[in-house]
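Ligands are counted one by one from 1 in listed order, and the atoms in each one are counted from 1 as well.
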Amino acid sequence: VIQFELLDPGKLSANESYRVLSNLVIPRPIALVSSMSKLGIPNLAPFSFFVVGGANPPSVVFSPVLGSNGEKDTLVNIRETGEYVINLVHREMTDGMNQASRPLPSDENEWDISGFEGIESHCVAPKRVASSMVQLECKLFQILEHGEGIGAARYVVGEVVMIHRHPELAQFHPISRLGDADYLDLQDGRTFQLDRPG
Ligand SMILES: Cc1cc2nc3c(=O)[nH]c(=O)nc-3n(C[C@H](O)[C@H](O)[C@H](O)COP(=O)(O)O)c2cc1C
């Protein structure tokens with residue numbers, strides 16, 4: 001009989017649970033989310049707690065968890081405006097994506113440090129990341145709050161209202177997130193490491 005290791009979440013800290021789960025549930029696609037505050041300040045940030053959830057209507061979910069400063073700007077913006085764009089990330093976008101994960105004050109804009117160019121969307125106000133091969137324009141369906149404190153999930157469920165697919169999609173495969181600093185490049189099947197900026 002195989003003796004599985006038992007990990008009781010009731011006995012783990014939030015940080016330990018995060019490390020355990022994010023190392024086990026892999027690989028995860030990365031949603032580079034473009035949103036905008038009600039004052040019109042653009043925001044860009046990556047999220048790997050992200051998945052497709054349905055097709056009728058098309059829907060996607062991602063989770064900006066509560067951080068040390070509470071709700072992340074992306075969550076606040078989407079609650080206020082109901083609109084965002086999910087941009088998929090390939091290898092050449094890695095550095096810009098990583099820069100966009102910096103915890104900047106809400107009145108500062110990650111587009112500038114990421115170096116990405118924005119292009120107008122068709123159905124929503126936030127711009128798309130021009131270099132991304134797949135851009136999903138989304139409208140908020142529901143935010144589901146599960147738990148309180150650092151690491152608590154905030155599931156952002158959105159309806160995909162427009163899909164932009166690059167004509168050379170076949171040449172650009174997304175990267176995905178593994179545990180810790182590890183990433184997987186679907187282009188060559190290799191893993192690589194990336195430290196968070198700052
Ligand atoms: C590859 C990658 C994946 C990430 N995934 C998540 C995630 O799923 N949920 C989350 O809350 N933060 C995630 N982060 C951290 C956020 O990007 C980071 O907290 C960011 O500063 C949030 O930006 P905002 O406050 O402008 O919304 C991830 C960072 C990286 C580099």
Query raised in the report: Given D185 and R91, is the salt bridge (Lys or Arg N to Asp or Glu O under 4.0 Å) satisfied, shown in steps?
Result: CA-CA 7 Å; D185 185 352; R91 186 67 178 261; 2.9 Å; yes
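The ligand atoms of ligand 1 that sit less than 4.0 angstrom from a heavy atom of R102 are 21 (O). Short contacts between ligand 1 and P103, defined as distances under 4.0 Å to a heavy atom of the residue, involve ligand atoms 21 (O). For ligand 1, the atoms lying closer than 4.0 Å to a non-hydrogen atom of Y183 are 1 (C), 31 (C). Shown in contact with P64 at under 4.0 Å from a heavy atom are these atoms of ligand 1, numbered in order with element: 11 (O). Contact atoms of ligand 1 toward R177: 1 (C), 2 (C), 3 (C), 4 (C), 30 (C) (distance under 4.0 Å to a heavy atom of the residue). Close contacts of ligand 1 with T74, meaning ligand atoms under 4.0 Å from a residue heavy atom, involve 24 (P), 27 (O).
Nearest protein neighbour of atom 25 (O) of ligand 1, counting heavy atoms only, is D73 N, 3.1 Å. Of the protein's non-hydrogen atoms, F47 CD2, 3.5 Å is the one closest to atom 7 (C) of ligand 1. For atom 20 (C) of ligand 1, the nearest non-hydrogen atom of the protein is S101 O, 3.5 Å. Of the protein's non-hydrogen atoms, the one nearest atom 4 (C) of ligand 1 is P46 O, 3.4 Å. Closest protein heavy atom to atom 5 (N) of ligand 1: S48 N, 2.8 Å. Atom 8 (O) of ligand 1 has its closest protein heavy atom at F49 N, 2.8 Å. Nearest to atom 23 (O) of ligand 1 among the protein's heavy atoms is A45 CB, 3.2 Å. Closest to atom 12 (N) of ligand 1 among all protein heavy atoms lies K72 NZ, 3.0 Å.
Rounding to the nearest 0.5 Å gives a distance of 7.0 Å between CG of L44 and CZ of F116. Atom-to-atom distance recorded for S131:OG and H166:NE2 is 9.5 Å, nearest 0.5 angstrom.
Contacts of V65 with ligand 1, taken as heavy-atom pairs under 4.0 Å, involve both backbone and side chain. Here R196 has side-chain heavy atoms under 4.0 Å from ligand 1, and that is the only part of it that gets that close.
A donor-acceptor contact closer than 3.5 angstrom links the side chains of D182 and Q193. Side-chain atoms of S63 and R154 include no donor-acceptor pair closer than 3.5 Å.
Under the side-chain hydrogen bond (donor to acceptor under 3.5 Å, both in side chains) criterion, H164 pairs with R128, E137, sequence neighbours left out. Looking at residues two or more places apart in sequence or on another chain, you find a side chain to side chain contact (heavy atoms under 4.5 Å, CB included) between S13 and N15, E16.
Counting heavy atoms of neighbouring residues, nucleotides and ligands inside a 6.0 Å radius, atom CG of N69 does not exceed 12 of them. Remark: D107 CG is packed, more than 12 non-hydrogen atoms of other residues, nucleotides or ligands lying under 6.0 Å away.
The shortest N/O to N/O separation between L44 and ligand 1 does not fall below 3.5 Å. For ligand 1, the polar-atom distance check finds no N/O of N98 at less than 3.5 Å from any of the ligand's N/O atoms.
Tracing side-chain contacts under 4.5 Å through hydrophobic residues (I, L, V, M, F, W, Y), one never reaches I41 starting from M36; they form parts of separate clusters.
Ring to ring, F192 and Y183 are close: their centroids are under 6.0 angstrom apart.
At least one heavy atom of S63 sits less than 4.0 Å from an atom of ligand 1.
Using a 4.0 Å cut-off between charged side-chain N and carboxylate O, E145 and R79 make a salt bridge.
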